[in-house]
Number of protein chains: 2
Amino acid sequence: MIISGNLKTYVQKLRSSNLRPTKQRLKICQFLFNREKTFHFTVETLNKKINKNIGTKVSLATIYNTVEAFTSAGYLKEILTSKNKSYYDTNTKSHHHFYDEGSKELTDIHYSQIKLSKVPIPPKGKKIKNLEVVIRIQK
Amino acid sequence: MIISGNLKTYVQKLRSSNLRPTKQRLKICQFLFNREKTFHFTVETLNKKINKNIGTKVSLATIYNTVEAFTSAGYLKEILTSKNKSYYDTNTKSHHHFYDEGSKELTDIHYSQIKLSKVPIPPKGKKIKNLEVVIRIQK
DNA sequence: TATCTAGTTTATAATAATTCTAAACTAGAA
DNA sequence: TTCTAGTTTAGAATTATTATAAACTAGATA
Ligand SMILES: [Mn+2]
Ligand SMILES: [Mn+2]
Ligand SMILES: [Zn+2]
Ligand SMILES: [Zn+2]
């Protein structure tokens, strides 16, 4: 398999996620991180695209495991949209989304584009884990 | 089965949801709407509570169907929390929520308790369907 | 470089929530 | 009372995801 000049950064991402660099994982890294722009995906679409082109075959289980490991290591972010399918984002900065209920696609909203000027205090003993907004849109 | 004095309102809710008033559906109505305060539930908890006490047995399929019909008729609201389970709310007014990731419970936040002073314009041809915020909290 | 082993991959099974099916039942119009 | 479209139900099917366990491999060590 041909791995771009970013090999080192992939190995570093994998090692810091407690994963050995294998050819399956490097292929996933290349697909996820060898790009100009961040993007959103589901495991289903990732699996199809990873295994469409030639080269190393990657099982669905490995895709699930790697995505999960990258998510807990902070290299991917999980976005809650519909109840039936997990969406992930290679943009790990805090930001908001439009979710189009027709096309089922996510679009980034820069963090500064939504201003919450009033937010309630959480119940005592609890703290806010995350305050990212998903705005549902439709035709 | 004993149905409270709200029978007429249940029949009206059912009829306007294009459902005939059956004893199963009236039992569900009574459990959902014969209360002082609104509340949040999942199909799993609803099924357990409906079928715990004596009286008409209601199948899981009927519970799913009735909850779905009430949701599209606007008598229940679906709240998106986790990706694995649907949550519903008998409070159908527009409002926000805390979602406790530990206890997996929802708490209402009155609509006026969150102020969005800046909201982006949706992509052309699309409109905002709903802008209710779920704030994830934890210990 | 050969050996060894903990970590990895994979096909497949299991699980969990939800939806579908089709046969038996029933509300309510006639 | 009869009739039929709508309803209920048990169980099967579906879908996303997680678990299992046997075959493989990275990479540390001899
Ligand atoms: Mn579902
Ligand atoms: Mn799931
Ligand atoms: Zn994003
Ligand atoms: Zn609520």
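The sequence lines fix the lettering, A, B, ..., with proteins before strands; numbering per chain opens at 1. Because the structure is predicted, anything quoted here is derived from the model rather than measured.
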Q: Show the numbers, then the answer: is there a side chain to side chain donor-acceptor pair (under 3.5 Å) between B:Tyr87 and B:Ser82?
A: CA-CA 9 Å; B:Tyr87 281 73; B:Ser82 67; 5.3 Å; no
(Q) Set out, in order, the CA-CA distance, both residues' side-chain angles and the distance that settles side chain to side chain donor-acceptor pair (under 3.5 Å) for B:Lys83 and A:Ser86, then state yes or no. (A) CA-CA 7 Å; B:Lys83 66 186 166 202; A:Ser86 295; 3.3 Å; yes
Rounded to whole Å, please give me the gap between [atom1] in [X] and [atom2] in [N].
{"X": "A:Tyr87", "N": "D:dT17", "atom1": "OH", "atom2": "C1'", "value": "16 Å"}
{"X": "A:Asn47", "N": "C:dT9", "atom1": "CG", "atom2": "P", "value": "14 Å"}
{"X": "B:Leu19", "N": "D:dT8", "atom1": "CG", "atom2": "P", "value": "8 Å"}
{"X": "B:Arg25", "N": "C:dG28", "atom1": "CZ", "atom2": "C1'", "value": "14 Å"}
{"X": "B:Lys48", "N": "C:dA16", "atom1": "NZ", "atom2": "P", "value": "12 Å"}
{"X": "B:Asn18", "N": "D:dG6", "atom1": "CG", "atom2": "P", "value": "10 Å"}
{"X": "A:Lys85", "N": "C:dA17", "atom1": "NZ", "atom2": "P", "value": "19 Å"}
{"X": "B:Asn84", "N": "D:dT14", "atom1": "CG", "atom2": "C1'", "value": "16 Å"}

Q.
Any residue in residues 66-79 of chain B with a heavy atom nearer than 4.0 angstrom to DNA chain C? Just list them by number, or reply none.
A. none
Using atom names, set out every protein N or O paired with an N or O of nucleotides 25-27 of chain D below 3.5 Å, distance rounded to 0.1 Å.
residue : atom : partner : partner atom : Å
D:dA26  : N3   : A:Arg20 : NH1          : 3.3
D:dG27  : OP1  : A:Arg15 : NH1          : 3.4
D:dG27  : OP1  : A:Arg15 : NH2          : 2.2

Q. Are the aromatic ring centres of A:Tyr10 and A:Tyr75 under 6.0 angstrom apart?
A. no
(Q) At 10 degrees resolution, what angle do the end axes of the helix from C:dT1-D:dA30 to C:dA30-D:dT1 form when each is taken over five base pairs? (A) 10°
**Q.** Worked check of side chain to side chain contact (heavy atoms under 4.5 Å, CB included) between B:Lys115 and A:Leu116
**A.** CA-CA 6 Å; B:Lys115 197 169 292 168; A:Leu116 289 142; over 6 Å; no
Q) Looking at DNA chain D, which of residues 57-64 of chain B put a heavy atom within less than 4.0 Å of it? A) B:Lys57, B:Val58, B:Ser59, B:Ala61, B:Thr62
(Q) Please find the pair of heavy atoms, one from B:Pro120 and one from B:Ile128, that lie closest to each other, and give the distance. (A) O-CD1, 4.4 Å
Q. Heavy-atom distance under 4.5 Å between the side chains of A:His110 and A:Gln113, does that happen here?
A. yes
Q) If we only count heavy atoms from C-beta on, is the B:Thr42 to B:Lys104 side-chain gap below 4.5 Å? A) no
Q | Any pair counted as side chain to side chain donor-acceptor pair (under 3.5 Å), so long as it reaches residues 130-139 of chain B, sequence neighbours left out | A | B:Lys77-B:Glu132, B:Ser94-B:Glu132, B:Glu101-B:Arg136
Q. Roughly how far, to the nearest 0.5 Å, is the CD1 atom of A:Ile114 from the OG atom of A:Ser117?
A. 12.5 Å
Q.
Once rounded to the nearest 0.5 Å, what's the spacing between atom OG of B:Ser103 and atom CG of B:Asp100?
A. 3.5 Å
Q. With sequence neighbours excluded, what pairs up with A:Phe39 under the side-chain contact (heavy atoms from CB on, under 4.5 Å) test?
A. A:Phe31, A:Leu32, A:Arg35, A:Phe41, A:Thr90
**Q.** Ring geometry between A:His96 and A:Tyr111 (parallel below 30°, tilted from 30 to 60°, perpendicular above 60°)
**A.** parallel
Q: Take A:Asp89 and A:His95, measure what side chain to side chain donor-acceptor pair (under 3.5 Å) needs, and give me the verdict at the end.
A: CA-CA 11 Å; A:Asp89 196 342; A:His95 65 288; 2.9 Å; yes
